[in-house]
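Along the sequence shown, residues carry numbers from 1.
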Amino acid sequence: QVQVMESGGGSAEVGGSLRLSCAFSGHITARKCMGWSRQVPGKEREGIATIHSDGTTTYADSVKGRFTISQDNYKDILYLQMDSLEPEDSATYYCAAENSLWVGNCRPSVIKDFAFRGQGMQVTVSA
């Protein structure tokens, strides 16, 4: 079993920053892919960033250049630094992980299929 503990989120002003964290514990393998997705009510969940255990990162165009995904591989902690926030970034954010995933398959579009997921954190960006 894998336990997921999320922290961060909350409110920020346009142009501001927030940092999300997600700690995985239990049966997490050294080779893995972790990522972040977000969802607005009435819309499909959007994968926005992934990071492989080898350090390879991939971003959706909607957040590229503004968000930074990172990890602490020793502690299995995932981070998302969100800068230059826009009202359109308001959503519920989810972290996820998939064991033993080949780096070529570690991309935002497949986050929805990951086995281990957090409960979600609300992010609200206001003018």
Side-chain angles (χ1 to χ4, degrees):
Q1 277 205 352
V2 173
Q3 293 75 44
V4 183
M5 181 171 294
E6 300 168 311
S7 62
S11 299
E13 295 183 346
V14 171
S17 299
L18 285 172
R19 191 191 199 203
L20 307 181
S21 300
C22 187
F24 296 88
S25 60
H27 185 61
I28 288 289
T29 57
R31 188 177 79 162
K32 60 186 174 290
C33 177
M34 298 189 288
W36 293 95
S37 60
R38 64 186 182 186
Q39 190 168 23
V40 175
K43 293 189 176 181
E44 287 191 2
R45 190 170 299 190
E46 175 193 20
I48 57 173
T50 51
I51 185 166
H52 194 263
S53 46
D54 73 356
T56 301
T57 58
T58 308
Y59 296 92
D61 289 342
S62 58
V63 303
K64 195 175 296 182
R66 300 186 300 119
F67 291 9
T68 303
I69 189 171
S70 61
Q71 64 187 347
D72 180 332
N73 260 333
Y74 294 102
K75 298 181 180 179
D76 291 327
I77 300 176
L78 178 68
Y79 303 99
L80 185 68
Q81 177 66 39
M82 304 185 292
D83 299 318
S84 302
L85 284 164
E86 303 169 351
E88 293 73 24
D89 295 319
S90 296
T92 301
Y93 284 72
Y94 301 87
C95 61
E98 181 70 23
N99 281 338
S100 305
L101 194 65
W102 175 55
V103 62
N105 291 331
C106 182
R107 55 188 187 275
S109 62
V110 300
I111 293 177
K112 63 184 186 298
D113 299 322
F114 285 8
F116 313 121
R117 307 172 193 173
Q119 293 297 310
M121 294 177 282
Q122 182 64 40
V123 170
T124 302
V125 182
S126 56

**Q** What residue among Gln39, Met82, Glu6 forms side-chain contact (heavy atoms from CB on, under 4.5 Å) with Tyr93?
**A** Met82
**Q** Got a second to check how far Ile69's CD1 is from Thr50's OG1, nearest 0.5 Å?
**A** 6.0 Å
**Q** Ignoring hydrogens and geometry, is there a side-chain-to-backbone donor-acceptor pair from His52 to Leu101 under 3.5 Å?
**A** yes
**Q** When you group the ILVMFWY residues by side-chain heavy-atom contacts below 4.5 Å and let the links chain together, are Val63 and Val110 in the same group?
**A** no
**Q** Once you round to the nearest 0.5 Å, how far does CZ of Arg31 lie from CG of Asn99?
**A** 10.0 Å
**Q** Is there a side-chain contact (heavy atoms from CB on, under 4.5 Å) between Asp89 and Leu18? Walk through the geometry before answering.
**A** CA-CA 11 Å; Asp89 295 319; Leu18 285 172; over 6 Å; no
**Q** Can you tell me how far apart CZ (Arg19) and OG (Ser70) are? Round to the nearest 0.5 Å.
**A** 6.0 Å
**Q** Answer yes or no: is there a donor N or O on one side and an acceptor on the other, between the side chain of Ser21 and the main chain of Ser7, under 3.5 Å?
**A** no
**Q** Give, for atom CE of Met121 and atom CZ of Arg38, the distance between the pair rounded to the nearest 0.5 Å.
**A** 13.5 Å
**Q** Can Ile111 be reached from Val4 by stepping across I, L, V, M, F, W or Y side chains whose heavy atoms are under 4.5 Å apart?
**A** no
**Q** Does Arg107 use its side chain to pair, donor to acceptor, with the backbone of Ala60 at less than 3.5 Å?
**A** no
**Q** Do Lys32 and Asn73 make a side-chain contact, defined as non-hydrogen atoms from C-beta onward lying under 4.5 Å apart?
**A** yes
**Q** Strictly distance-based, threshold 3.5 Å: is any side-chain N or O of Tyr59 a donor or acceptor partner for the main-chain N or O of Arg66?
**A** no
**Q** Are any of the side-chain heavy atoms of Ser90 and Val40 separated by less than 4.5 Å?
**A** no
**Q** What distance do Lys75 atom NZ and Ser25 atom OG have between them, rounded to the nearest 0.5 Å?
**A** 13.5 Å
**Q** Consider only side-chain heavy atoms of I, L, V, M, F, W and Y, link residues closer than 4.5 Å, and tell whether Phe67 and Leu78 are in one cluster.
**A** yes
**Q** State which residue, out of Ser109, Ser37, Ser62, fulfils the side chain to side chain donor-acceptor pair (under 3.5 Å) condition with Glu46.
**A** Ser62
**Q** When you compare the side chain of Glu98 with that of Asn105, does any pair of heavy atoms fall below 4.5 Å?
**A** no
**Q** Would you say the side chain of Val123 lies within less than 4.5 Å of the side chain of Leu20, judging by non-hydrogen atoms?
**A** yes
**Q** Identify whether Leu85 and Trp36 are in the same connected component of the hydrophobic contact network (ILVMFWY, side-chain heavy atoms under 4.5 Å).
**A** yes
**Q** Looking at side-chain heavy atoms only, is the closest gap between Ser17 and Asp83 below 4.5 Å?
**A** yes
**Q** Once rounded to the nearest 0.5 Å, what's the spacing between atom CE of Met34 and atom CZ of Phe114?
**A** 10.0 Å
